[in-house]
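Labels below follow one simple rule: chain letters A, B, ... track the order of the sequence lines, proteins then strands, and each chain is numbered from 1.
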2 protein chains.
Amino acid sequence: MPASPHFAAIAPEAAGMPLYRVVKRALLQAIEGGTWAPGSTLPSETELAVAFGVSIGTLRKAVDELSAEHILVRRQGRGTFVATHSPDRFLFQFFHVERADGLREAPSVELLSFDRVKLDDAQAEALNLRAGDAAFQFENRLALQGRAVILDRLTLPAGLFKGLTEKRLRERPSTLYQLYQSEFGITVVHARERARAAAADRHASRVLGIAAGLPVMQVHRVALTFGDKPVEHRESIINTAQHEYVSLLSRKDAAR
Amino acid sequence: MPASPHFAAIAPEAAGMPLYRVVKRALLQAIEGGTWAPGSTLPSETELAVAFGVSIGTLRKAVDELSAEHILVRRQGRGTFVATHSPDRFLFQFFHVERADGLREAPSVELLSFDRVKLDDAQAEALNLRAGDAAFQFENRLALQGRAVILDRLTLPAGLFKGLTEKRLRERPSTLYQLYQSEFGITVVHARERARAAAADRHASRVLGIAAGLPVMQVHRVALTFGDKPVEHRESIINTAQHEYVSLLSRKDAAR
DNA sequence: CCCAATTTGTTCGTATGTATA
DNA sequence: TTATACATACGAACAAATTGG
């Protein structure tokens, strides 16, 4: 285990902020700054409390919030870990399509295209960049039970994903977000989605094997890292003939 | 202030359950059973801790969870209250449509029809009842900025809403959920939604003033009270030409 | 405007239980 | 079995917000 890190004095913007939030911010910055890599074990609560000069209860309250946000994971008897992007986490936190009967299954993914592009106005706005900025854009076809259900078009800022290639994308061992994390040091912590109905255009109808003009759901998503900084823009076209878009089970968090 | 209530001994199903969860269940049952009406003030934390025979910290942990689930509301300096269904709460917790530019506005509601019906298979399944059971069914047209955007068809079990009439529905002073709560003692605590795209049928197209066949979003919602008991089924047809369906900002809870 | 009482919010510290290696 | 880690439970003191005098 690494030596207990040495933390900076209270930041100026912490004025009037409860101590446990100051500790939370410090933990966040340490995680973001790579003091503890994804998947690694943090020092014990006792050690952290000493390192920060706060009581164990205060330290726990900070960790409670980070745990509720899926940034840290606690396991009784084992320790506290920096969350990683496992296939399970993707399925339950970031994948919102289920079969109409409620079956939830991990999709199989097929890369259809890979390009370097310049951001259009809408993408630039969503990513907090300027139109014309360089980006990678690629399309995935997602299948459930062997049937194509979703067409994703993803847009990633070139500045954040230097060295991304079609080959690396294709040969990734696990989920996309796992790739972002392990290869580019980018941790997706949250996503915002907005949906509407639309008629399938020719491209979507070909990829999904449905008639052009058929109603499909169109979901715009922005994935965010620490500090709500956008790192990915995604437009999904969903064939909802046999499947449905399911909003977060906000219950899960509370009911445990 | 009413005298401190007198709570039953620990329930048998509480075996192995942490004390704060036992307290939480007892609080829930007291709320559900009407010991404290919606909007009323609970005894202070100190009093409750004494009444339950637990420490203040344990009591607070129970209240923390109920507060996170929007069942209780705490206000520093004032007290802890049983949550009520205000228009604001409806807008932020239960209404998921925004204008494309992000403007979130309370809809104006117009009652279009009111009938007694028998549940069909799908409705019965969703409401955990039997097909053919008696129900009320009514339609609302919701407008934003004066434009019709949503057509809701609601189905309520007749057994839970005895005495509901078109007149009472029409003359309610506030939101529908406020009516459920004050007139029928039914508190909606949570809702599950599933969405798909569909072509507007003739009825929807007439009500929303759009062309038949146009792609619209179709949202199935089941509203639940304590113990995840379903109390309302709702099918919404949304014209997403100018508006979007926005999934919960799961961030809001955590970021406060 | 200030003061006092009340209530929740924060912080501290300790002891004990439970899960894991 | 032992050691370690998180989980639960206890209790005390003070801070901050609110209300009423």
Look at [X] together with [Y] and state whether they make a salt bridge at an N to O cut-off of under 4.0 Å.
{"X": "A:K61", "Y": "A:E65", "answer": "no"}
{"X": "B:R192", "Y": "B:D228", "answer": "yes"}
{"X": "B:R74", "Y": "B:E45", "answer": "yes"}
{"X": "A:E105", "Y": "A:R99", "answer": "no"}
{"X": "A:R221", "Y": "A:E235", "answer": "no"}
{"X": "A:R234", "Y": "A:E193", "answer": "no"}
{"X": "A:E69", "Y": "A:K24", "answer": "yes"}

Whole Å only: how far is the [atom1] atom of [X] from the [atom2] atom of [N]?
{"X": "B:L72", "N": "C:dG9", "atom1": "CG", "atom2": "P", "answer": "11 Å"}
{"X": "A:M17", "N": "D:dA16", "atom1": "CE", "atom2": "P", "answer": "15 Å"}
{"X": "B:R21", "N": "D:dT8", "atom1": "CZ", "atom2": "C1'", "answer": "12 Å"}
{"X": "B:L66", "N": "C:dT8", "atom1": "CG", "atom2": "P", "answer": "14 Å"}
{"X": "A:K24", "N": "C:dT10", "atom1": "NZ", "atom2": "P", "answer": "12 Å"}
{"X": "B:F52", "N": "D:dT8", "atom1": "CZ", "atom2": "P", "answer": "18 Å"}
{"X": "A:E45", "N": "C:dT11", "atom1": "CD", "atom2": "P", "answer": "16 Å"}
{"X": "B:D64", "N": "D:dA9", "atom1": "CG", "atom2": "P", "answer": "13 Å"}

Return the nearest nucleotide to the side chain of [X]; candidates are [options].
{"X": "A:R78", "options": "C:dA21, C:dG13, D:dG11", "value": "C:dA21"}
{"X": "B:Y20", "options": "D:dT8, C:dT7, C:dT10", "value": "D:dT8"}
{"X": "A:S55", "options": "C:dT11, D:dA9, C:dT14", "value": "C:dT11"}
{"X": "B:L19", "options": "C:dT20, C:dC12, D:dC10", "value": "D:dC10"}
{"X": "A:V54", "options": "C:dT7, D:dC10, C:dC12", "value": "C:dC12"}
{"X": "A:P18", "options": "C:dT10, D:dC6, C:dT7", "value": "C:dT10"}

For the helix from C:dC2-D:dG21 to C:dA21-D:dT2, measure the angle between the helix axis at one end and the axis at the other, each built from five pairs, rounding to 10°. 20°
Under-4.0 Å side-chain N/O to phosphate OP1/OP2 contact, [X] with [N]:
{"X": "B:R74", "N": "C:dG9", "result": "yes"}
{"X": "B:S44", "N": "C:dT6", "result": "no"}
{"X": "A:T46", "N": "D:dA5", "result": "no"}
{"X": "A:T80", "N": "D:dA5", "result": "no"}
{"X": "B:K61", "N": "D:dA9", "result": "no"}
{"X": "B:R60", "N": "C:dG9", "result": "yes"}

State, yes or no, whether a side-chain contact exists between B:F138 and B:L156 at a heavy-atom distance under 4.5 Å. yes
I want to check something: taking the side chain as every heavy atom from C-beta on, are A:L144 and A:L142 in contact at a cut-off of under 4.5 Å? no
B:G79 vs A:L59, nearer the 5' end of DNA chain C by closest nucleotide: B:G79
Reading DNA chain C from 5' onward, which residue's closest nucleotide shows up sooner: A:I56 or A:G77? A:I56
Within the structure shown, what part of the strands sits under 4.0 Å from B:G57 by heavy-atom distance: base, sugar-phosphate, or nothing? nothing
State whether the distance check finds a donor on one side and an acceptor on the other, under 3.5 Å, for side chain B:Q76 versus base D:dA16. yes
